[in-house]
Amino acid sequence: MEWLRRVEAKWQELWKKHGVFKAEAAPGKPKFYITVPYPYTNAPLHIGHGRTYTVGDIIARYKRLRGFNVLFPMAFHITGTPILAISERIARGDEKEVKRYKEYVSKYVQDPAEIEKIIETFKDPLSLAVFFAERVHKDFDALGYSIDWRRRFHTGEDIYNAFVTWQFLKLREKGLIKRGDHIVTYCLLHRQPEGEDDIADADTNPVEILEFTAIKFKLVDEENTYLVAATLRPETLFGATNIWVNPEARYVVVEWGKEKIVVSEEALTKLQHQYVDKDIRVVKSVYGKELVGKQVYSPLGSKLLVLPAAFVDPDNATGIVYSEPSDAPYDYVALMELKRNPEKLREYGLDPSVVDEINPVKIIEVEGVEDHHAKVVVEEMGIVSQRDPRLIEATRRVYKEQYYKGVMKVDDPEFNGLPVSKAKELIREKLFRENSAFPFYELNRKAFCRSGGKIIVAKIRGQWFIDYSIPWWKNETREYVDKKLLIVPDKYKKEMLNAIDWLERRPCARRRGIGTKLPFDPDWIIESLSDSTIYMAFYTIVHIIRRYGIRAEQLKPMVFDYVFYGVGDPTEISSRTGIPVKALEDMRKEFTYWYPVDQRHTGIAHISNHLSFYVYHHVALFPPDKRPRMITLNELVIREGAKMSKSKGNVILLRDIAERYSADLFRLYAAGAANLDSVLDWREKEVSTVLDSLRRFVSLAKQAVEAKCSDQNPSLMVDKWFTSRVNRLLLEATNSLERVEVREYIQKAFYQVLSAIDYYRERVGEDKAICMVKNFLDKWVKVLNPVIPHVTEEIWEWMGGKGFLSTNSWPRIVPESINEEAEVLEDMVKDLIDDLKNVLNVVKPVKGHVYIIVASPWKREVIRMLIEGKSYKEVIKTMREKHGLAGREKEILLVIQQYRRSPDARLALTTAEKEYQVLVEAREYIERRIGLSVDILWEEEAREKNIPKADKAYPLKPGFYIE
RNA sequence: GCGGGGGUGCCCGAGCCAGGUCAAAGGGGCCGGGCUUAGGACCCGGUGGCGUAGGCCUGCGUGGGUUCAAAUCCCACCCCCCGCACCA
């Protein structure tokens, strides 16, 4: 391992020194442009990222060896909120965060004082981003990625902002950007929207926004004043029997436009954030118990009594609910409790007898449920208290059954007979229309931000969106993905198309974060997935921008119009921006040469977001010949069967690879241990067996390089087999790589070649095997260079190869180097040994000699005639006449029968003489394998000697007799 | 719930799209042997059941079906994983 790391460092240094991977536009020379999304640099990368980048690099290296001018660039993503949020947390002295980042930094820096200093700089988000960008860059180098680093940038740079500005102006021109209201999770502490990343435990316990229907119940004795009860099941309004309030909770009466409404205090805050434009003013504050005993009218006209219930949570929706005891377990249980304890009502000045008249009303039919659904479930579960947590489960059960199977059974002809799911939608719309209700947004659970701020649902006014639902755009994108874009593995195409269909309006800017200001509304910052959709175009020109020292202010939209579209006159643009004409032309040249992207490789997690935007934006902004050609994907990486996560502390960082493993080992494992479309399980045990194989490969190569091989004579059939086998594997490996089947490629080019060598060595002996390896070693290292570039460079050097192997060329493996006859014959030898062993296992008591009997040539002729379609009659006739088999027709028929049972075209590939020859050549080997002495006989010979089983000999399946 | 993927031998995992040559590649583990002072590494053999001759039986989530033939195709069911948006 030490040795590996030394060799790796050596070649990384040399590649860098000689600028081996710099890519320059070379019109006329075939190009290959491959990209992998730039990493977000808020932390060190782990082996999951490494898998993706490694696959990308393997392809880049392969294409380079195939003679393409390959561009493989990389940059760093720093825009958006996470880096900012981390930085703020560190500045605030958040202990957990500081600790985590100290750990990260300590991966790269030893001195504690130094670490302390670095953490201090992280209070500035840009320093944090740049620190990790630097490290990630080094980690990438340490893995041997063949990146052209001159094109490196980060997304916080002003030249990048200029580019994104151009992009958004274009999108706006095309009418793809809209403005409107937007519902978000919002932190009351920070007074800003906060998403899953900022909410405590949201990754494990998801936070969802629920849309309640807040229904207004007019108070009987008061003018224009309503109790607002919120529900997720407005269809149950038909069965409402009373209103529940929490007697201990505080409620407020507020002016709500021209009306007055009553909601809980907590609900008021939420309404203020959801109805920002509404004129809301508090009139007075009351306890819930003061509301008990009042009467209200339901929008459906019935008169309902307000009653107390402890289960009502003032911090959930409006803090008031209506009771529908037939279908709502909570309501049912609360009602029953009250009925058991009517005396309690006296506390509120109510006559206990009022509850006698309140009874569930059945409004929903579900097949198989006779009684009230809530009652059935509650009794079955044995729930008696409204504080029983199992009520949540009971509610879920009832709802699930009713939603799918329930049918409305109500007086109203408009709703009677409707399925519950349908009725729910209709009544909701109707209530909204009649101004009897309004939407109220609430979370599915209580949530707090990571600093403890309360999260509620708020409505953002004037949110900017990119509208992916615009028909021409969606259709063209869909069409393009469906017909033109190659997606590998194939099975992700459907998912991609689904994502394209599913995308609608998507917010594209936020009020905070690092990034580019929205050019037409600078209070907003372009959101970080939206600013990263066409940046591959930026790679083609960024090094020129730097070379000429062009400043961001000079990069006016007209510059990009020229570079990307060829629109405008360079001389004029030059005079208006101060950018030299030559620079403009160079950029134009680079862009037209490299674009489009030939292949983009990334993880499947990007399908429904980044990759969809990537194609959408290219369709919007670039003509068909500049749109992506291929997308390739890989699955994620887990470790020892478990998902890697910060909380479990089982994340392996790329940095650890460079320190504790080796680059080539990692590459071999990460790309070879699982298919792209399966999860890769990083298992230490397997990694170490891969290391063993890598070692074996190196020592084999070393032996081969050092071997003196003048007197070896590869004339045996098995030598031809070996040559053929190896060439076949290398050819198949090439084909696999061409299809981006990386695992297959590694299996063939590495493992299967190794095991072919093992076999061959066992068969013919060490020295000769090594010499045969020496013969094809140059081809072999070339084919393996994309996966294990360092080791193969080193071997190439031992071999005295000229220049860098990484810029050499792919070996030509001509189909003629494959000898099928030799392969068929060697398979025969293997099968024969297997059969012998099988029989020897059964027939334990053996004496010690084996006769191997080669089928007579006439048997093969029989088969040949059958393949040619000759009739049995003809075959028998020929045999009788030509081979004197009259009287032995039975044997002929046996051969015919066996052929018919398993017809095998390979039988025609060789002859009986070759069979005999190979067996003679392999005799010693067979003896060694079975531990018995062996004679090779022709069938006719054996017959003469009266050796049993002689007639069982069949072409490619010699008979044998164990004496 | 909607959408996508998947269930293979003790374990991991290929095969399935293009049905037969699949008792099912390759690892790992376990058992035995070689090498070695010993261990490790490496190499060889075994690892569903039965069988004194290369064979037979049972088998690829469950239950049906199509077919001369199904791990592979069709239907139903059960179970598992992933995504569901403003977050990179």
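Below, chains carry the letters A, B, ... as their sequence lines are ordered, and counting in each starts from 1.
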May I have the distance from A:N838 (atom CG) to B:rC50 (atom P), rounded to whole angstrom? 14 Å
Provide the distance between the two C1' atoms, one in B:rC57 and one in B:rG1, to the nearest whole Å. 47 Å
Each nucleotide N or O in nucleotides 15-25 of chain B that has a protein N or O under 3.5 Å away: list the pair and distance.
{"from": "B:rA25", "atom 1": "N1", "to": "A:R743", "atom 2": "NH2", "distance (Å)": "3.4"}

Where along residues 826-833 of chain A does a heavy atom fall under 4.0 Å from RNA chain B? none
Would you say the ring centroid of A:F750 lies under 6.0 angstrom from that of A:F697? yes
Hey, what's the ring geometry for A:Y104 with A:Y101, parallel, tilted or perpendicular (30° and 60° as the breaks)? perpendicular
Looking at B:rG5, I'd like to know if its phosphate oxygens (OP1 or OP2) sit under 4.0 Å from a side-chain N or O belonging to A:K494. yes
When you check the phosphate oxygens OP1 and OP2 of B:rA88, does a side-chain N or O of A:T81 lie under 4.0 Å from one of them? yes
With under 30° as parallel and over 60° as perpendicular, where do the rings of A:Y468 and A:W473 fit, or are they tilted in between? parallel
Hey, what are the protein-to-nucleotides 71-75 of chain B N/O distances that come in under 3.5 Å?
none

Are A:T41 and A:H154 close enough that a side-chain donor and a side-chain acceptor fall under 3.5 Å? no
Quick one: is B:rA88 close enough that its OP1 or OP2 comes under 4.0 Å of any side-chain N or O from A:S528? yes
Looking at B:rU37, which nucleotide sits across from it as a Watson-Crick or G-U wobble partner, both distances under 3.5 angstrom, or is there none? none
Of all the nucleotides listed (B:rC42, B:rA88, B:rC86), which has the minimum atom distance to the side chain of A:H182? B:rC86
Please tell me which of the listed nucleotides, B:rA53, B:rG45, B:rG27, lies nearest to the side chain of A:K837? B:rG45
Below 4.0 angstrom, N of the basic side chain to O of the carboxylate: do A:D692 and A:R695 qualify? yes
If you check every side-chain atom of A:K491, which of B:rC43, B:rG6, B:rA53 has the closest atom? B:rG6
Figure out the CD1/C1' separation between A:I638 and B:rC82, and round it to whole Å. 13 Å
Could you tell me if the side chain of A:I863 sits less than 4.5 Å from the side chain of A:V895, heavy atoms only? yes
Ring centres under 6.0 angstrom apart (A:Y616, A:F613): no
Can you check the distance between B:rG4 and B:rC50, where both ends of the measurement are the P atom (answer in whole Å)? 46 Å
Expected output: side-chain A:D681 to main-chain A:E640 donor-acceptor under 3.5 Å: yes
Minimum-distance nucleotide to A:I962 side chain [options: B:rC43, B:rA88, B:rA53]: B:rA53
Using atom CG of A:D681 as one end and atom P of B:rG28 as the other, report the distance to the nearest whole Å. 15 Å
